Asks: 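Attaching a single structure in structure tokens format; questions to follow.
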2 protein chains.
Amino acid sequence: MKLEKVTGIEARDRKWYDDACGTALGMELVGERWSLLIVRELLLGPRRFGDLRAGLPGISANVLTQRLEGLAAAGIIVHEHLPPPARAQVYALTVWGRECEPVVLGLGRWALRSPRHDPMLHFSPTALMLSLKMLLVHARVGNLAASIGLHLRGEDYLAKIANGGIQVSRAPVVDADAVLAGETNAFLPIFYGGLPLEQAVASGALTVTGDVDRATRFSTLFALPEKVVLAA
Amino acid sequence: MKLEKVTGIEARDRKWYDDACGTALGMELVGERWSLLIVRELLLGPRRFGDLRAGLPGISANVLTQRLEGLAAAGIIVHEHLPPPARAQVYALTVWGRECEPVVLGLGRWALRSPRHDPMLHFSPTALMLSLKMLLVHARVGNLAASIGLHLRGEDYLAKIANGGIQVSRAPVVDADAVLAGETNAFLPIFYGGLPLEQAVASGALTVTGDVDRATRFSTLFALPEKVVLAA
DNA sequence: CTGTATCCGTGTTGATACTG
DNA sequence: CAGTATCAACACGGATACAG
């Protein structure tokens, strides 16, 4: 073989920041293209290769493989081969990996003040569920308690409002007070654009079953942060 | 079938994630190589081109130029040409840009659990001051009030402990209770490694003037997060 | 279905040298 | 001091082919 191995090592060194600062290390760990979005897709539980591709518009298989290897080598995710007869492989966050959720949410909340944000782009079910956690206006919750199911791209998700906070998970929507179903992007005008839920239902953008009142109250708990005004 | 203009546009598009998720937008805004570290260097106030190069080991001038342009175009920083006779150019965070401080600190705090962290690498004065904010153990502060000056690479910094919290800034060390001076890396064993301040002074690694008692108490307020144990 | 391993065109990075 | 110009590596994304 050639000296590719040597140049490969040098290339890796060049990718690092040589900085003792934790933030620099953080960017080495999850700052590569796609890495943090892979973490995002795993925040609601283990996923398979194909699930990740579906949630990440435009990533190619080889790059996804590389990133998964890198994240696993760093101890942020683990690659689990489930035994037969399940015979599935999944990628899951480690405990430490899950601890970066506040960073993922905080970055998103900050970035959404940018005028550059375009809500018409692809929006994965996981991203939608996390956005609820990201953009809940705590002051609006009051003493509401609700368990709202979301049916997105064939999967069940759950959002639970209790004690002024919210929990989201990928879980069957049984014993939810109400269940919403529709395209992920159809939820944005309702949760963040002030569109009344009943109007979205009337237009056929989504469907509600169960306690419509509670679903309607739920739909008003969220808000996008105020946009930044850029000086010309 | 390919026109050069078209490929140029496609190339730009390729850099983005085409994702409505805020986290993806955040990675577009500050996820490029070096970008978040430039923001870090600006968190304590405006800096000049040369200051940034000095704080960022290994960045090249052309890349720094590109990143500054990108961050300015995004509205995260502004490039200010000061009028004569000052005749200096500085880069400063916008109000919105400053708002990502919690993300910078949170990412650093999370990443420092990695076994990959190497405290022997380059450490900029700004990174040291921010690390105090990042790694303060609130429970240890009690009712301590202290104003500690740090003299780092010819510049004065200030850390103020009050009301159980900490404030850091780039400011003259006048009316500080005590002033510490030394290489940035010399502070790590003291703040995060449990090395007694007096011992570091005895070894000549740094100097203390003023209220040594208070400086010593100050030096015990911080801790690195617990390291992650990686499965073999 | 779940990846892995190629090749290839292009863009980005970083080192060096250079200019105002 | 504050950038710009140039250029050789290399990483990326897309396509494709292929293996378990």
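Quick note on labels: first sequence line is chain A, next is B, and so on, each numbered from 1. Computed from a predicted structure; not experimentally measured.
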Asks: With a 4.0 Å cutoff (strictly under), does any side-chain N or O of A/H81 reach OP1 or OP2 of C/dT2?
Replies: no
Asks: Between the protein and nucleotides 18-20 of chain C, list the N/O to N/O atom pairs that are separated by less than 3.5 angstrom.
Replies:
none

Asks: Could you check how far CD of A/E69 sits from P of C/dG3, rounded to whole Å?
Replies: 11 Å
Asks: How many Å lie between NE2 on A/H79 and P on C/dT2, as a whole number?
Replies: 11 Å
Asks: Treat primed atoms plus P, OP1 and OP2 as sugar-phosphate and everything else as base, then score nucleotides 15-20 of chain D 5' to 3': B for base contact with protein heavy atoms under 4.0 Å, S for sugar-phosphate contact only, - for none.
Replies: B-----
Asks: Determine to 10° how strongly the helix from C/dC1-D/dG20 to C/dG20-D/dC1 is bent, judged from the axes of its five-pair ends.
Replies: 40°
Asks: What pairs of residues pass the salt bridge (charged side-chain N to carboxylate O under 4.0 Å, His left out) test when at least one of them lies in residues 34-45 of chain A, not counting sequence neighbours?
Replies: A/R40-B/D19
Asks: What is the distance from CH2 of B/W16 to C1' of D/dC12, rounded to the nearest Å?
Replies: 17 Å
Asks: Given C/dG3, is OP1 or OP2 found less than 4.0 Å from the side-chain N or O atoms of A/Y91?
Replies: yes
Asks: Is B/N185 reaching over with its side chain to a backbone N or O of B/L121, donor-acceptor style, under 3.5 angstrom?
Replies: yes
Asks: In this structure, how many angstroms lie between the P atom of C/dG11 and the CD atom of B/Q66, rounded?
Replies: 13 Å
Asks: Within the pair A/R48 and C/dT2, is there a side-chain N or O less than 4.0 Å away from OP1 or OP2?
Replies: yes
Asks: Starting at atom CG of A/L56, determine the distance to atom P of C/dT2, rounded to an integer number of angstrom.
Replies: 15 Å
Asks: Whole Å only: how far is the CH2 atom of B/W34 from the C1' atom of C/dT13?
Replies: 11 Å
Asks: Kindly state each residue pair satisfying salt bridge (charged side-chain N to carboxylate O under 4.0 Å, His left out) with at least one member in residues 88-103 of chain B, sequence neighbours excluded.
Replies: A/R113-B/E99, B/E101-B/K133
Asks: Tell me whether the OP1 or OP2 atom of D/dA11 has a side-chain N or O from B/R33 closer than 4.0 Å.
Replies: no
Asks: Got a sec, which pairs hit ring-ring contact (aromatic ring centres under 6.0 Å, His included) with one end in residues 56-79 of chain B, sequence neighbours left out?
Replies: B/H79-B/H81, B/H79-B/Y91
